[in-house]
Amino acid sequence: MKLRRNRIVIPLDKARADERGPVRVRRSGRGRVLGFIAIVLVVVVIGALAGGYFWWRHYQSQPAYSLALLVDATQRNDGAEIDRLLDLDKITTDFVSQVKARVPESSRLPAQVEQTLTPKLKPTVRDELIKELQRLTRQANGKPFPLVALAVPYFVDIKQDGTAATAEMKLQDEQIKLTMQADAIGNWKTVAIQDDKLAEMIADSVKKNLPKSPAQWQDALEKELKGLSLPAP
């Protein structure tokens, strides 16, 4: 009687498949994790870019941005942009008032005479004001505008109340105060610049030879403005 030999067959293909199965599962799980991380990173980057864009748009409606534009235009000597950012009629009127307040009352001009004097002084005030602003902001010369715009709030103390704002900056022994106003569409303009040291120096010079007429007032102020030389801060 012949005995049958039982053959043991080992399914190698199936064994290999079983071995590969968990690896594929691990690789698939790892891919999902990496994909999820990539999606999260993309969302974070897009969110950061969107947040930065909306912050910049909001910043453009603030007085600090207008000051940054003024600093940049001053350093580039862009007269048209400076005139757009400054209300020279109001600035000149305020500056004449600052000087007039520092001279004896007996030598002050009547209001109606002062009104005719102020427009004649505007070109001189404009030119000398640009020179003074260039001197005060020379550290911004050559700097990219975004850097200047971001730096302004750290160097200038700005207080806003609705459509009005004041900006004060201290440079060694000098303190400059700017008064700003926003128009109907939110563009800010400087309407007054208070430089106590500058006004006091001019008033002291004027008091040495007090003017008696509008023409003498104009000549005296123009002479002092053009001849004034302040030390660098």
Side-chain angles (χ1 to χ4, degrees), residues 44-95 98 122-199 201 225-226 228-233:
V44 170
V45 171
I46 293 175
L49 291 175
Y53 171 78
F54 287 113
W55 178 87
W56 182 255
R57 293 292 295 174
H58 172 73
Y59 184 60
Q60 288 179 318
S61 65
Q62 302 301 303
Y65 184 79
S66 178
L67 286 178
L69 290 175
L70 179 60
V71 170
D72 182 66
T74 299
Q75 291 301 321
R76 292 186 292 104
N77 202 25
D78 187 342
E81 180 70 355
I82 292 173
D83 291 340
R84 186 183 73 82
L85 296 166
L86 299 178
D87 190 328
L88 285 167
D89 289 329
K90 293 181 179 179
I91 289 174
T92 304
T93 300
D94 182 78
F95 184 76
Q98 290 180 51
K122 187 170 72 171
T124 303
V125 171
R126 176 189 182 276
D127 293 342
E128 298 309 312
L129 181 59
I130 291 175
K131 292 178 183 177
E132 180 71 352
L133 289 174
Q134 287 175 337
R135 182 184 72 87
L136 294 173
T137 62
R138 62 162 56 97
Q139 291 183 345
N141 187 26
K143 303 293 191 304
F145 175 73
L147 181 61
V148 174
L150 294 174
V152 164
Y154 295 96
F155 291 95
V156 184
D157 181 19
I158 301 175
K159 297 178 181 178
Q160 182 178 345
D161 184 10
T163 59
T166 58
E168 296 186 26
M169 54 183 173
K170 295 181 180 180
L171 301 170
Q172 292 187 359
D173 60 340
E174 294 183 66
Q175 182 169 342
I176 315 298
K177 181 179 180 180
L178 283 72
T179 302
M180 307 177 71
Q181 287 182 348
D183 58 21
I185 59 176
N187 293 324
W188 289 87
K189 270 192 172 185
T190 298
V191 297
I193 298 178
Q194 183 178 344
D195 186 338
D196 290 339
K197 185 175 182 179
L198 179 63
M201 290 179 68
L225 281 168
K226 291 179 180 179
L228 189 63
S229 179
L230 293 177

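All figures in this text were calculated on a predicted structure; none of them were measured in a lab.
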Review point. Is there any salt bridge (Lys or Arg N to Asp or Glu O under 4.0 Å) pair reaching into residues 175-188, and which pairs are they, with sequence neighbours excluded?
Key: none

Point to revise | Gln134 side chain reached by Asn77 side chain, heavy atoms, under 4.5 Å | key: yes

Review point. Nearest 0.5 Å, what's the OG1-CD1 distance between Thr92 and Ile193?
Key: 9.5 Å

Review point. Which value, rounded to the nearest 0.5 Å, describes the distance between Glu81 atom CD and Thr74 atom OG1?
Key: 9.5 Å

Review point. If we only count heavy atoms from C-beta on, is the Gln62 to Ile158 side-chain gap below 4.5 Å?
Key: no

Review point. With side chains defined as the heavy atoms from C-beta onward, is the minimum distance between Leu86 and Leu129 less than 4.5 Å?
Key: yes

Point to revise | With sequence neighbours excluded, residues passing side-chain contact (heavy atoms from CB on, under 4.5 Å) with Pro144 | key: Pro146, Leu147

Point to revise | Separation between CG of Leu69 and CD1 of Ile82, rounded to the nearest 0.5 Å | key: 11.5 Å

Check your understanding: Among all residues two or more places apart in sequence or in another chain, which pass the side chain to side chain donor-acceptor pair (under 3.5 Å) test with Asp78?
Key -> Arg76

Exercise for review: Scan residues 184-194 for pairs that pass side chain to side chain donor-acceptor pair (under 3.5 Å), counting only residues two or more places apart or in two chains.
Suggested key: Gln194-Asp196

Study note, to complete from the structure: Residues at least two apart in sequence or cross-chain that pass side chain to side chain donor-acceptor pair (under 3.5 Å) with Asp83, listed by chain then number, are Arg126

Check your understanding: When rounded to the nearest 0.5 angstrom, what is the spacing between OG in Ser66 and CZ in Arg84?
Key -> 7.0 Å

Exercise for review: Kindly say whether Thr137 contributes a backbone atom to a donor-acceptor pair with the side chain of Gln75 at under 3.5 angstrom?
Suggested key: yes

Practice item. Please report the shortest heavy-atom distance between Pro153 and Ala149, naming the atom on each side. Key: CD-O, 3.5 Å

Point to revise | From CG (Leu133) to CZ (Arg135), nearest 0.5 Å | key: 10.0 Å

Practice item. For Tyr59, look at atom OH and say whether over 12 heavy atoms of other residues, nucleotides or ligands are found less than 6.0 Å away. Key: yes

Check your understanding: Do Thr179 and Asp94 touch side chain to side chain, with heavy atoms closer than 4.5 Å?
Key -> no

Revision key, fill the gap. So the ring-ring contact (aromatic ring centres under 6.0 Å, His included) pairs with at least one residue in residues 122-152 (sequence neighbours excluded) are Tyr65-Phe145

All N/O donor-acceptor pairs, side-chain side in residues 159-168, below 3.5 Å, sequence neighbours left out:
residue : atom : partner : partner atom : Å
Gln160  : NE2  : Gly162  : O            : 3.2
Glu168  : OE1  : Gln175  : NE2          : 2.9

Point to revise | Closest heavy-atom pair and its distance - Ala68, Val148 | key: O-CG1, 4.2 Å

